[in-house]
Every structure is written in C-alpha cells, then in structure tokens.
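Just below is one structure, and these are the notes that go with it.
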2 protein chains.
Amino acid sequence: MDRPYTGVIERLKNAGLRPTRQRLALAKLLFDGGDRHITAETLHAEVLAANVRVSLATVYNALHQFTRSGLLREVVVDSSRAYFDTNTSGHHHFFDEDTGDLSDIPDGEISVSSLPGAPAGKVLSGVEVVVRVRSQQ
Amino acid sequence: MDRPYTGVIERLKNAGLRPTRQRLALAKLLFDGGDRHITAETLHAEVLAANVRVSLATVYNALHQFTRSGLLREVVVDSSRAYFDTNTSGHHHFFDEDTGDLSDIPDGEISVSSLPGAPAGKVLSGVEVVVRVRSQQ
DNA sequence: ATATAAATTAGAATAACTCTAAACTAACTG
DNA sequence: CAGTTAGTTTAGAGTTATTCTAATTTATAT
C-alpha cells in the first residue's frame with residue numbers, strides 16, 4: 001500500500017492522541033495484524049527490532065493511553081507483570097503459568113452464567129475468566 | 001482454651017512445616033478466624049501489631065510455603081500485588097479497583113459453564129473468575 | 001546436651017513500573 | 001512558512017513489591 005500509516009493515524013486521532021512517530025510505530029505493531037497479547041517489555045523489544053527508537057517510558061505511556069481510550073484492554077493474569085490485549089471485546093483467557101503465554105479461549109467454549117450484582121454502592125466494571133494451565137506434567 | 005496453638009501446630013506439621021514461632025503466629029492470624037484475603041504487607045502489619053517480631057522476608061516465605069502445601073490459595077487480581085485467600089475451595093471474587101478490597105462471590109451467585117479443555121500438551125490448573133467493581137460512579 | 005538440617009533475618013539486589021524536569025515536536029496562528 | 005504553545009518523549013532517578021544471599025538462630029533427632 002502507498003500510505004501504510006493512514007489507518008493507524010486515523011485510529012490515534014479518533015482516540016484523541018497525536019500521531020507521533022513513536023505512537024505510530026507502536027500502534028502499527030499492535031493493530032496491524034491479528035489479535036495480540038503483549039507486555040511492555042515484549043512491545044519495547046519489538047519496536048526496537050523494527051528500528052524505531054522508543055524509550056520504555058513511552059511504551060508504558062502509550063499502553064496506558066491506548067487502554068484509557070479503549071484501543072487496548074489490560075488482562076490481569078500475573079501478579080508481577082501487566083498484559084495487554086488488542087482484542088477489546090468481551091472474551092476470556094488461557095494463561096500458561098510455566099511459559100507466561102496468554103491466549104484467547106475461543107468464543108462459545110466458555111460462558112459465565114448468573115452474574116452476581118455488584119455489592120451495594122459499587123458499579124460493575126468487568127468480568128474476567130482466567131483458565132490457568134501448565135505445560136509440564 | 002488452654003492450648004491455643006494445638007490446632008495450628010497440627011496444621012503446620014501436616015503440611016510438613018516446622019511449627020516455628022513465626023509460622024505459628026502467622027498461621028494463627030490466617031486460620032483462626034473466618035476466611036481471609038491478605039497481602040504480604042497486611043499480614044506483616046498484623047503480626048507486628050500482635051507483638052511478634054517477624055521479618056517481611058519470612059512473611060513472603062510463609063505465604064509461599066502455605067500456598068505450596070495447599071493451606072492458602074493465591075488470587076491474581078492486581079498486576080502489582082499478590083493476594084492470598086485462606087479459603088482454598090473453588091470460588092470466585094469481587095475486586096474493588098478503587099480500594100483494593102477483595103471479597104468472595106457467594107456460592108451459587110455465579111457459575112462457569114462449558115469449561116474448555118486445556119490446549120494440547122497442557123494441563124488445567126485452575127479457573128478464576130474476577131468480577132471487577134468500582135466504588136465511585 | 002549436641003549435632004544438624006531447617007528456618008529466620010537484615011540488608012542488598014532485582015524487576016516492573018512511575019516520576020521528573022528538560023528537550024523536542026505536532027499543529028495552530030497569523 | 002515562522003513563531004508559539006501545548007502535548008510528547010526521554011534519560012535517568014525514584015518507588016514498590018518481591019526475591020536473594022549469607023550469616024545467625026532454632027527445632028528436632030540422637
């Protein structure tokens with residue numbers, strides 16, 4: 001394509017974010033492929049591998065801004081590291097405790113029934129199912 | 001009771017752990033009451049408040065040992081802090097993102113149907129549902 | 001009582017972020 | 001376009017939760 005960034009530029013503008021060199025590179029890696037699960041470190045490594053100099057602080061900033069504006073979703077599966085998912089629609093995950101691999105549970109293979117109401121004075125903000133698996137034994 | 005530690009001593013011995021002064025104090029706080037949700041910091045504060053000098057490293061060690069031997073369960077709800085639950089039977093949680101409060105979803109108020117099989121070569125190790133709520137608006 | 005293996009500890013180290021203040025740049029204005 | 005400004009990036013310092021290390025202490029077996 002002649003203008004490989006147009007889609008991503010639009011996406012950032014719609015989110016109210018300036019399409020800077022850094023955000024463009026990150027957004028391209030994140031959104032120009034299928035659904036992805038990443039951490040700050042893996043995304044930083046990828047963007048450097050693509051020869052765009054971006055600081056780790058900017059990766060963190062971008063991940064949070066993208067999440068705030070709904071382009072990403074955070075998935076909490078590990079108490080020592082934050083994972084982000086480019087698929088922001090409601091779905092659930094397998095998490096391999098040995099490898100750290102996060103993957104989608106295909107739609108329809110799981111369902112949560114009879115959701116409880118939020119406790120008094122609270123507002124529901126999300127429901128996450130994590131199916132933990134292990135590689136060995 | 002005359003021997004307030006007998007129960008807890010047995011519990012530790014059954015888990016293959018020496019009933020040391022520190023582990024006894026921690027186990028008493030954890031198991032001599034109803035179900036509890038704690039973090040290393042909160043448990044450390046409690047044990048010091050009970051006037052037993054225990055280092056934070058020992059609290060971390062004990063939490064992991066207790067978890068390994070099935071006396072505790074880790075609940076992953078926050079990517080920056082580990083929570084532990086004294087109720088090790090299968091149940092799910094509310095997590096208040098504003099206050100950090102973790103609470104049980106009463107049994108029967110939620111259920112996960114049609115569990116997916118683990119991906120090839122993997123073994124299922126747990127299923128966790130976290131219902132996130134917020135305090136404000 | 002002793003020996004020994006296990007447990008505890010202070011303090012250093014690490015990992016994953018977050019913050020700060022200075023330098024840079026996108027985008028608006030005339 | 002040149003100037004202005006507000007938003008963005010960054011290096012490096014700071015923070016927080018947790019783990020590690022090596023020395024000391026303690027529980028238990030003998």
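For the numbers below, each heavy atom of this structure counts, side chains included, while hydrogens, waters and symmetry mates do not. Labels below follow one simple rule: chain letters A, B, ... track the order of the sequence lines, proteins then strands, and each chain is numbered from 1.
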Inset, instruction - Ignoring hydrogens and angles, state whether a donor on the side chain of A:Asp104 or A:His37 is under 3.5 Å from an acceptor on the partner side chain. - result: yes

Inset, instruction - For residues A:Glu74 and B:Ser79, determine if any side-chain heavy atom of one lies less than 4.5 Å from a side-chain heavy atom of the other. - result: yes

Legend entry - Interatomic distance, B:Leu12 CG vs D:dT28 P [rounded to whole Å]: 10 Å

Without placing hydrogens or testing angles, list every side-chain donor-acceptor pair under 3.5 Å for residues 39-49 of chain B, not counting sequence neighbours.
residue, atom, partner, partner atom, Å
B:Thr39, OG1, B:Thr42, N, 3.2
B:Thr39, OG1, B:Thr42, OG1, 3.3
B:Thr42, OG1, B:Thr39, N, 3.0
B:Thr42, OG1, B:Thr39, O, 3.0
B:His44, NE2, B:Val54, O, 2.8
B:Glu46, OE1, B:Arg36, NH1, 2.8
B:Glu46, OE2, B:Arg36, NH1, 3.3
B:Glu46, OE2, B:Arg36, NH2, 2.6

Inset, instruction - Could you identify which residues cluster with B:Val130, counting Ile, Leu, Val, Met, Phe, Trp and Tyr as linked when any side-chain heavy atoms lie under 4.5 Å apart, either directly or through a chain of such contacts? - result: B:Val75, B:Val77, B:Tyr83, B:Phe95, B:Leu102

Inset, instruction - Name all residues meeting the ring pair (Phe, Tyr, Trp, His ring centres under 6.0 Å) criterion together with A:Phe66; count only those two or more places apart in sequence or in a different chain, and write none if there are none. - result: A:Phe31

Legend entry - B:Leu72 side chain reached by B:Thr86 side chain, heavy atoms, under 4.5 Å: yes

Inset, instruction - Heavy atoms under 4.0 Å is the rule here; annotate nucleotides 6-20 of chain C 5' to 3' with B where the base is hit, S where only the sugar-phosphate is, and - elsewhere. - result: SSSBS-----SBBB-

Inset, instruction - Figure out the NE2/P separation between B:His44 and D:dT16, and round it to whole Å. - result: 17 Å

Inset, instruction - Taking ring pair (Phe, Tyr, Trp, His ring centres under 6.0 Å) as the test, write out the residues that go with A:His91, two or more places apart. - result: A:His93

Inset, instruction - Would you work out how much the helix from C:dA1-D:dT30 to C:dG30-D:dC1 bends between its ends, with each end axis defined by five base pairs, to 10 degrees? - result: 20°

Inset, instruction - Report the distance from atom CG of A:Asp78 to atom P of D:dT19, rounded to the nearest whole Å. - result: 11 Å

Inset, instruction - Identify whether A:Val123 and A:Val127 are in the same connected component of the hydrophobic contact network (ILVMFWY, side-chain heavy atoms under 4.5 Å). - result: no

Inset, instruction - Using whole Å, report how far NZ of A:Lys13 lies from C1' of C:dC28. - result: 13 Å

